[in-house]
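Both ligands and their constituent atoms are indexed starting at 1 by order of listing.
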Amino acid sequence: MSSNGNGKHVKVLVLGSGPTGYSAALYAARAELQPVVLTGMQLGGQAALTYTIENYPGFPEGVGGAQLGELFQKQAEHFGAVTEFASANSVDLTKRPFKVETDNGDYWADVLIVATGASPNHLEIPGEVELTGRGVSYCATCDGWFFKDKKVVVVGGGDSALEEGLFITRYASSVTIIHRREEFRAGQLLQKRAKEHPKVDFILDTVVTEVMGTDKLEALRLRNVKTDQETIYETDGLFIFIGHTPNTQMFKGQLDMSDLGYIQINERMETSVPGVFAAGEVADPHFRQVVTSAGMGAAAAIQATRFLEAIEGTEITATD
Ligand SMILES: Cc1cc2nc3c(=O)[nH]c(=O)nc-3n(C[C@H](O)[C@H](O)[C@H](O)COP(=O)(O)OP(=O)(O)OC[C@H]3O[C@@H](n4cnc5c(N)ncnc54)[C@H](O)[C@@H]3O)c2cc1C
């Protein structure tokens with residue numbers, strides 16, 4: 001990395017510090033490209049928000065989400081990756097080196113690896129924003145403890161909703177899972193665990209239409225989607241797990257994207273702009289796992305290395 005009055009010049013700039021970002025950084029660091037990782041707001045990414053990860057290979061007993069994030073970071077830094085606590089605010093991908101504006105100044109990058117992942121969707125109903133942090137949460141690991149012996153509602157029907165709902169049973173006196181359909185998308189094993197758990201019950205075919213309370217969450221307005229009947233449901237906590245939206249706003253008009261806003265890549269993690277690679281949840285609406293994201297991050301760095309070799313004529317091998 002070199003600095004001058006116009007900012008810092010780096011060979012490889014990685015946007016994002018989740019499993020994708022640090023896997024890319026590990027491979028780029030081992031290729032002696034001194035990658036710089038911009039952490040964004042969530043060091044460790046979404047994986048760091050979950051209490052335990054049981055399906056990342058190499059950890060037969062499971063591993064804490066935050067702990068896994070720290071291990072990814074440590075391993076990449078061991079080989080020379082540099083972590084910078086900053087978020088990219090805008091990018092200019094019209095020419096290389098690419099310009100990235102951050103709250104800590106500008107970066108100029110020979111290649112860019114976009115690993116900005118995704119952020120939780122909101123219900124977008126009255127009261128949700130006002131009562132976030134006052135009973136409404138999107139992170140069980142962060143906030144579950146505050147609901148000791150309290151009544152909690154979880155909204156969602158996928159793996160995250162059931163997994164996190166089960167986690168909250170450690171603290172809450174009861175966990176009610178509200179889902180807009182009768183069937184769950186979550187895996188069978190998780191469904192079985194949730195259905196058998198004595199603290200968990202379900203309200204199906206139902207949506208939350210209003211979050212109610214003055215200083216803190218007091219109740220939810222619910223509507224049965226089949227009968228249209230409305231009820232008021234008293235609760236102390238509301239945890240929302242209804243999917244994610246890729247963090248791609250700043251690339252609009254610069255990189256090709258799908259209708260859902262995922263960056264379009266080929267099998268080599270190449271985007272529509274040569275020298276810009278994307279990997280992990282920012283580009284993958286299908287798998288969205290730590291292991292698949294990490295694999296894509298590694299692939300992006302290998303390809304980025306080859307790209308630099310081709311344009312610089314240098315002898316660099318990412319996998320040595
Ligand atoms: C509650 C929950 C539980 C989960 N449990 C599991 C599980 O058990 N097993 C499993 O395999 N997967 C699980 N997942 C999914 C897994 O966490 C994700 O698939 C994985 O974290 C995606 O990695 P990523 O690096 O692509 O993106 P993310 O983890 O989303 O990381 C994105 C990174 O980009 C950064 N960023 C965003 N915007 C900017 C910006 N403008 N500038 C710089 N940086 C930016 C963020 O700060 C973050 O560091 C879970 C997810 C959630 C939410």
Q | Shortest non-hydrogen contact from Pro97 toward Asp110 | A |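 Nearest heavy atoms, Pro97 then Asp110: CB-OD1, 3.9 Å.
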
Q) Can you check whether Val114 reaches Phe277 side chain to side chain, under 4.5 Å on heavy atoms? A)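 The answer is no, as the side chains (C-beta and beyond) never meet within the 4.5 Å cut-off.
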
Q.
For a 4.5 angstrom cut-off between non-hydrogen side-chain atoms, does Phe79 reach Leu26?
A.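 In contact.
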
Q | Protein heavy-atom partner closest to atom 42 (N) of ligand 1 - residue, atom, separation in Å | A |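 Protein heavy atom with the smallest distance to atom 42 (N) of ligand 1: Ala88 N, 2.9 Å.
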
Q) Between Glu54 and Arg193, does at least one N-O distance fall below 4.0 Å, as a salt bridge requires? A)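 Yes, Glu54 and Arg193 are salt-bridged.
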
(Q) Any carboxylate oxygen within less than 4.0 angstrom of a Lys/Arg side-chain nitrogen, looking at Glu218 and Lys216? (A)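 Not counted as a salt bridge, because no side-chain N and carboxylate O are separated by less than 4.0 Å.
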
Q: Pick, from Glu163, Glu84, Met296, Gln46, the option with the minimum heavy-atom distance to atom 4 (C) of ligand 1.
A: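 It is Glu163 that holds the nearest heavy atom.
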
If you measure every N or O of [X] against every N or O of ligand 1, does any of those distances drop under 3.5 Å?
{"X": "Glu281", "answer": "yes"}
{"X": "Val290", "answer": "yes"}
{"X": "Met41", "answer": "yes"}
{"X": "Asn247", "answer": "no"}

Provide the number and element of each atom of ligand 1 under 4.0 Å from a heavy atom of [X].
{"X": "Gly16", "answer": "33 (C), 34 (O), 35 (C), 44 (N)"}
{"X": "Ala47", "answer": "17 (O), 21 (O)"}
{"X": "Glu164", "answer": "1 (C), 3 (C)"}

Does [X] approach ligand 1 within less than 4.0 angstrom via side chain, backbone, both or neither, non-hydrogen atoms only?
{"X": "Ser17", "result": "both"}
{"X": "Thr39", "result": "backbone"}
{"X": "Ala115", "result": "backbone"}
{"X": "Ala118", "result": "backbone"}

Q.
More than 12 heavy atoms of other residues, nucleotides or ligands under 6.0 Å from OH of Tyr51: yes or no?
A.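 Result for OH/Tyr51: open.
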
Pairs under 3.5 angstrom only: tabulate donor-acceptor contacts from the side chains of residues 148-160 to other protein residues two or more places apart or in another chain.
unit_1	atom_1	unit_2	atom_2	d
Lys151	NZ	Glu234	O	3.1
Asp159	OD1	Gly187	N	2.8

Q) Hey, what's the ring geometry for Tyr56 with Phe59, parallel, tilted or perpendicular (30° and 60° as the breaks)? A)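 Tilted, since the angle between the ring planes falls between 30° and 60°.
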
Q) Under the 4.0 Å line, does any protein heavy atom show up next to atom 50 (C) of ligand 1? A)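 For atom 50 (C) of ligand 1 the answer is no, since every protein heavy atom stays at 4.0 Å or beyond.
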
Q) Quick one: does atom 14 (N) of ligand 1 have a protein heavy atom under 4.0 Å from it? A)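 Given the 4.0 Å limit, the answer for atom 14 (N) of ligand 1 is no, no protein heavy atom qualifies.
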
Q: Evaluate the side-chain contact (heavy atoms from CB on, under 4.5 Å) criterion for residues Leu13 and Leu38: first the C-alpha distance (whole Å), next the side-chain angles of each, then the deciding distance (0.1 Å), finally the verdict.
A: CA-CA 8 Å; Leu13 187 65; Leu38 300 189; 4.0 Å; yes

Q: Before giving the answer on side-chain contact (heavy atoms from CB on, under 4.5 Å), spell out for Leu204 and Arg180 the whole-Å C-alpha distance, their side-chain angles and the decisive distance to 0.1 Å.
A: CA-CA 6 Å; Leu204 303 178; Arg180 62 189 165 146; over 6 Å; no

